[in-house]
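Shown next, in structure tokens, is the structure this report addresses.
Please read all numbers here as calculations on a predicted model, not as lab measurements.
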Amino acid sequence: MFVAQSLIEAHSEFIEKSRSNELFKSLNIAALSDVDIARFLVVCKGKEDAALKRIEATLNWRKSFDIEKLMSEDFSEIESTCKLKVCGPTKSGLPILVWSAARHRPTDFPMEQNIRYFVQVIEKGKRSGVFKEPLVFINDRTGMKRSNMDPKLMRNIVILFSAHYPETLEVAFNFPSGKLLTVGWNVIKTLISPANAQKMQFLSEKEFRAQILELVEPENLTKRLGGFIPDDMANLSKVSLLDPKEDVNADEIDEKIVAELVKELGDVDADSK
């Protein structure tokens, strides 16, 4: 699969038009790859004016967010939690990004720091060529407790992907997922764009392992995900980073997640529906 190259070839005229835009030049459009530019046209369904507006908004965001400064920032403390990992690729060459929910606590680091770390990971992946193709996102909820829940961060990540990294997500696996979260998803998905909603999958542990091993060779996956690579989080389900006395009630957690996400995602993706 070479989605990136086909995008460039299909939208070469729009890419050239965008790169010759004097305003965009002043906003450093050189920082965007040809694939990045083409993806804006795709998400806008071929409407050039809409795509150009979104590119301008993203270039302004990158300037205000100071992406170049971000690339040299030290996130070693967050990185040591191992909550966000790159692995893969899939059999078709797609990169994989794994989020381990039980490794995240909203109180450990400021929201802005978590967001900047996430963006740095994405930008490093893009610059190295690892994230040239659409990525597979895995939300590993194993061992997750109430104290790990962070719907506000999830909301911001959804906004980042939707607004500034369109068409970079191939599929998102959420596991293990119970019936309550699956039912709740039927409510949540009405709050985001159909394009993003159809990429989300909620699976049991068994279902996930069956699907992921169809997509990825075992040698490119950690043991936790059904592969062969030694996993530094292998004991995560047995040893919590939180108070060991805290109860784990999956239904209660899922119920709260649904309620919080409905609240937080209310205005996400409204423009792209």
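- Considering only heavy atoms from C-beta on, Leu84 stays 4.5 Å or farther from Val98 through its side chain.
- Residue Asp36 holds its CG atom at 11.5 Å from OG of Ser18, rounded to the nearest 0.5 Å.
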### Task
Go through the steps for His11 and Val42 under the test side-chain contact (heavy atoms from CB on, under 4.5 Å), then give the verdict.
CA-CA 9 Å; His11 305 297; Val42 172; 3.7 Å; yes
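- Residues Phe131 and Val121 come closest through the heavy atom pair CE1-O, 3.7 Å.
- Minimum heavy-atom separation, Asn156 to Met111: ND2-SD, 4.0 Å.
- Side-chain contact between Glu207 and Phe175: absent, with no pair of heavy atoms (C-beta onward) separated by less than 4.5 Å.
- Scanning both residues, Ala163 and Phe40, for their nearest heavy atoms gives O-CE2, 3.6 Å.
- For the residue pair Lys152 and Asn114, no side-chain donor N or O sits within less than 3.5 Å of a side-chain acceptor on the partner.
- At a threshold of 4.0 Å, the pair Glu123-Arg62 counts as salt-bridged, since one of the basic side-chain nitrogens sits closer than that to a carboxylate oxygen.
- Summarising the geometry, atom CG belonging to Leu7 is positioned 12.0 Å from atom CD1 belonging to Ile37; distances are rounded to the nearest 0.5 Å.
- The pair Glu219-Lys91 does not meet the salt-bridge criterion, since no charged nitrogen lies less than 4.0 angstrom from a carboxylate oxygen.
- A 6.0 Å sphere centred on CD of Glu77 holds no more than 12 heavy atoms belonging to other residues, nucleotides or ligands.
- With respect to Arg105 and Asp150, no salt bridge is recorded, no charged nitrogen being found less than 4.0 Å from a carboxylate O.
- Under a cutoff of 6.0 Å and an axis angle of 45°, Arg116 and Phe65 form a cation-pi pair.
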Inset, instruction - Go through the steps to decide whether Ile122 and Tyr165 satisfy the test side-chain contact (heavy atoms from CB on, under 4.5 Å), and finish with yes or no. - result: CA-CA 9 Å; Ile122 297 297; Tyr165 300 100; 3.7 Å; yes
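- Screening Trp99, Tyr117, Phe109 against His104 for a ring-ring contact (aromatic ring centres under 6.0 Å, His included) leaves a single residue, Trp99.
- Between Arg54 and Thr58 there is no side-chain heavy-atom pair separated by less than 4.5 Å.
- Taking each heavy atom of Ala101 and Met144 in turn, the nearest pair found is CB-SD, 3.9 Å.
- Among all heavy-atom pairs drawn from Ser147 and Pro106, the shortest one is O-CD, 3.2 Å.
- Hydrophobic cluster membership differs between Leu153 and Val158, with clusters built from Ile, Leu, Val, Met, Phe, Trp and Tyr side chains linked at under 4.5 angstrom.
- Distance OG1/Thr222 to CD1/Ile138: 8.0 Å, rounded to 0.5 Å.
- The aromatic rings of His164 and Trp61 sit parallel, their planes meeting at an angle under 30°, below the 60° perpendicular limit.
- Separation of atoms OG (Ser12) and CD1 (Ile8) is listed at 10.0 Å; rounding is to 0.5 Å.
- At a threshold of 4.5 Å between non-hydrogen side-chain atoms, the residues Phe24 and Ile55 count as touching.
- Residues Phe75 and Ile157 share a single hydrophobic cluster, defined by chaining ILVMFWY side chains whose heavy atoms lie under 4.5 Å apart.
- Linking ILVMFWY side-chain heavy atoms closer than 4.5 Å, directly or via other members, places Leu135 and Val130 in a single hydrophobic cluster.
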Q | Worked check of salt bridge (Lys or Arg N to Asp or Glu O under 4.0 Å) between Lys69 and Glu73 | A | CA-CA 7 Å; Lys69 177 178 179 293; Glu73 291 179 13; 3.3 Å; yes
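- Proximity of Glu170 to Phe137: side-chain heavy atoms (C-beta onward) are nowhere separated by under 4.5 Å.
- Hydrophobic clustering (ILVMFWY, side-chain heavy atoms < 4.5 Å, transitive): Leu97 and Phe202 are in distinct clusters.
- Atom CG of residue Leu213 and atom CD of residue Gln211 lie 10.5 Å apart, to the nearest 0.5 angstrom.
- Atoms CG and NZ, on Asp140 and Lys83 in that order, are 14.5 Å from each other to the nearest 0.5 Å.
- Taking hydrophobic clusters as Ile, Leu, Val, Met, Phe, Trp and Tyr residues chained together by side-chain heavy-atom distances below 4.5 Å, Leu70 shares a cluster with Leu160.
- Heavy atoms of other residues, nucleotides or ligands lying less than 6.0 angstrom from CD of Glu112 number more than 12.
- In this structure the side chain of Leu225 never reaches within 4.5 angstrom of the side chain of Val216, judged on heavy atoms.
- Residues Glu68 and Arg127 are paired through a salt bridge, judged by an N-O separation under 4.0 Å between the basic side chain and the carboxylate.
- Put simply, the side chain of Cys87 reaches to within 4.5 Å of the side chain of Ile96, judged on heavy atoms.
- A salt bridge links Lys25 with Glu22: the closest approach of a Lys/Arg side-chain nitrogen to an acidic carboxylate oxygen falls below 4.0 angstrom.
- You'll find the side chain of Lys85 stays beyond 4.5 Å of the side chain of Ser100, heavy atoms only.
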message = Could you walk me through whether Phe118 and Phe161 satisfy the side-chain contact (heavy atoms from CB on, under 4.5 Å) test, starting with their C-alpha distance in whole Å, then the side-chain angles of each, then the deciding distance to 0.1 Å, before giving a yes or no?
response = CA-CA 11 Å; Phe118 192 94; Phe161 267 98; 3.6 Å; yes
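- Taking every heavy atom of both residues into account, Arg103 and Cys82 meet most closely at CG-O, 4.4 Å.
- A donor-acceptor contact closer than 3.5 angstrom links the side chains of Glu9 and Gln5.
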(message) Run Leu52 and Lys17 through side-chain contact (heavy atoms from CB on, under 4.5 Å) and show every step you take.
(response) CA-CA 10 Å; Leu52 291 171; Lys17 179 178 181 179; 4.2 Å; yes
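- By the 6.0 Å contact criterion, CD on Glu205 is enclosed, its count of non-hydrogen atoms from other residues, nucleotides or ligands being greater than 12.
- Under the 4.0 Å criterion applied to side-chain N and carboxylate O atoms, Arg19 and Asp34 are assigned as salt-bridge partners.
- Judged purely by distance below 3.5 Å, without hydrogens or angles, the side chains of Ser177 and Asn174 never pair a donor atom with an acceptor atom.
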